[in-house]
Amino acid sequence: MSKKELLKIEDLSIYYITEDGTVKAVNGIDIKLNKGETLGLVGETGAGKTTTALGIMRLIPNPPGKIMSGKIEFEGKDLLNIPEEEMRMIRGNKISMIFQDPMTSLNPVMTVGEQIAEVIEIHQDLNKQEAMKKAEEMLELVGIPAARVNDYPHQFSGGMKQRVVIAISLACNPQLLIADEPTTALDVTIQAQVLDLMNNLKEEFNTAMILITHDLGVVSEVCDKVAIMYAGEIVEAASLKQLFENPRHPYTLGLFGSIPNLDEEVDRLKPITGLMPDPTNLPTGCKFHPRCPYGTDICAKQEPKAIEIEDGHKVKCLIYEGLVDAEVKR
Amino acid sequence: MHKYIFRRLLLLIPVLLGVTFIVFTIMSFTPGDPAQLMLGESAPPEAVEQLRAEMGLDDPFIVQYLRFVGNAIKGDFGRSYTTKREVFSEIFARFPNTLILAAVGVAIAVAIGIPVGIISATRQYSLIDSISMIGALLGVSMPNFWLGLMLILVFSVGLGWLPFAGFESAKSIILPAITLGTGAAAIITRMTRSSMLEVIRQDYIRTARAKGVSEKKVVNKHALKNALIPVITVVGLQFGYLLGGAVLTETVFSWPGVGRLLVEAIRQKDTPTVLASVVFMATTFSFVNLLVDILYAYVDPRIKSQYSK
């Protein structure tokens, strides 16, 4: 695997400015991703995962969404400072995205073939017939018979629709694939199939991937690196091994703690107490402190910095700045 | 698909029976004696009595209705009480005028409504959106006889550019068609806008953008075809309604169409003409609706697959 840097996000902040208040969806996150690597972006609903992904694609609905600050560097180019036309040529070509809900992600009045061929026609120098032929190949690649190229989305099941979406996103061999909860809407057997498929294709084309999910099981199967998001911040970032063997942020521990253990008799799940904070009115200091079992007065006042506790393992918690005296244990 | 069309045509039978029954009832129970009207105020009572018997007007109501249905099935709708001509030949003589007026009116409405609706939706809350929405509100709320009169006042009486009555040349269509088209254009604009606004927020539009499709193509190719489905319904309804004769507009412009024929027939208690006109209108309206439903199938493959079931 080449260690060339593909994507570098620095201090990215994205707000949704509405009449009812400003939703601070993403607050100064940093992400680094090398070619061929897979990053798992994990967090609860509303943590800002999808907003981050749409930010990279520059598809934040504006208004009300706005990228307030930060830099998104892709192949050395700052995506936030290139003209829309240039960005359009990157979308679907070098960076493509799989959306959460396959049931609504495909245009109901166009055949799946047309929808796959469209992205090929835009980005590759092929005519209609050639693009259609390539679309058939893509369908076969994701395990759908090419004969169904002229069928409409309503003639497919949910899992097959997601395969079509994957075929669209991979049609131009992207450098970076952003998959936003690609398996959430699917049942468990289909989930496994789709994950296998994505894994295989990723290896075949050496595509880097950002996998957005709230399922740590999926992360452990697919990812090389993991970033845990909470209230628009990355609270812990580490390699897969580091994170699963040595999780350090109280929130990450809470996530692991909430997964029932197969070896024990469990009567009740152990959730993280409290709820996600209101994104229009985030807590001061550490955003997790109201729910944190180790929280002290200082947590409400001082915002933690990202501390590298071992090579490539960063945690955003005052414990590791030496300001809170606590032993974090599973 | 053929089965579906056949079923829809069969459904026309109960519709027509219902419509004629209601109209027949209303005509029978409104005051006024057709025989008296035909013979004039000063006719001797014996002559009126004799004519009533000849026309079968003394039979019980239900017998009269069944006789009408029986003749209608044979294609005989009778003769007009006033002109003595076959009612259907009278309707057919006037129908082309109504058809052409309705077609031009709807064409104007579509040509204005759909583009303005799209522009409004893609620039929601902009100045151009506000202006077109105010325009649409005016268009919907303006009574069309008033608009017709104002148009006559300005373009015929004032400027003398266009004729104000009858149907002599192609120029005669302009004012009545604008009068009819304005209301329809306003409705179509509003429908297109709201439908477009809904579609543009759908996930598949985001998918299209994520593929790198240009904004223009996103709107005109991906969004429009989906957004048009409810718009087609509205256009169809408007067209069907105008085909039934836009009574007020035809009256204001003395347009020789079916709508005015019906109004005159009602005034003269010319039951055969009224009934035949109503049957004719109900049939055309149903046909236009059927046409719209068939058109759906071509726009939306999901509906097509439902029809073939």
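Lettering of chains follows the sequences in order, A, B, ..., and the numbering in each one begins at 1.
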Quick one: does any side-chain atom of [X] pair with a main-chain N or O of [Y] as donor and acceptor, under 3.5 Å?
X	Y	value
B:Thr249	B:Leu180	no
A:Lys49	A:Gly43	yes
A:Lys202	A:Ala208	no
A:Asn127	A:Glu130	yes
A:Glu140	A:Ala146	yes
A:Gln191	A:Thr183	yes
A:Glu75	A:Leu6	no
A:Arg91	A:Arg58	yes
B:Trp255	B:Pro176	no

Check each atom of [X] against the heavy atoms of chain B and say whether the ones under 4.5 Å are side chain, backbone, both or neither.
X	result
A:Met110	side chain
A:Ile98	neither
A:Asn93	neither
A:Ile168	side chain
A:Gln115	both

Selection from [options] maximising heavy-atom pairs under 4.5 Å formed with chain B:
options	answer
A:Pro108, A:Gly92, A:Ser96	A:Pro108
A:Glu121, A:Met57, A:Gln100, A:Glu118	A:Glu118
A:Leu59, A:Ile95, A:Asp101	A:Leu59

**Report entry** B:Lys304 to B:Tyr298, cation-pi by 6.0 Å centre distance and 45° axis angle
**Finding:** yes
Query - B:Phe95/B:Phe280 aromatic ring centres below 6.0 Å - result: yes
Requested in this report: May I have the step-by-step check of side-chain hydrogen bond (donor to acceptor under 3.5 Å, both in side chains) for A:Arg148 and A:Gln155, ending in yes or no?
Outcome: CA-CA 9 Å; A:Arg148 301 201 60 182; A:Gln155 292 162 295; 5.8 Å; no
Report task. Residue by residue, scan residues 189-227 of chain B and write down, ordered by number, those that have a heavy-atom distance under 4.5 Å to chain A; if none do, write 'none'. Result -> B:Asp203, B:Tyr204, B:Arg206, B:Thr207, B:Arg209, B:Ala210, B:Lys211, B:Gly212, B:Val213, B:Ser214, B:Lys221, B:His222, B:Lys225, B:Asn226
Report summary line: residues 112-131 of chain B vs chain A, non-hydrogen distance cutoff under 4.5 Å, contacting residues -> none
Query - More than 12 heavy atoms of other groups within 6.0 Å of B:Phe287 CZ - result: no
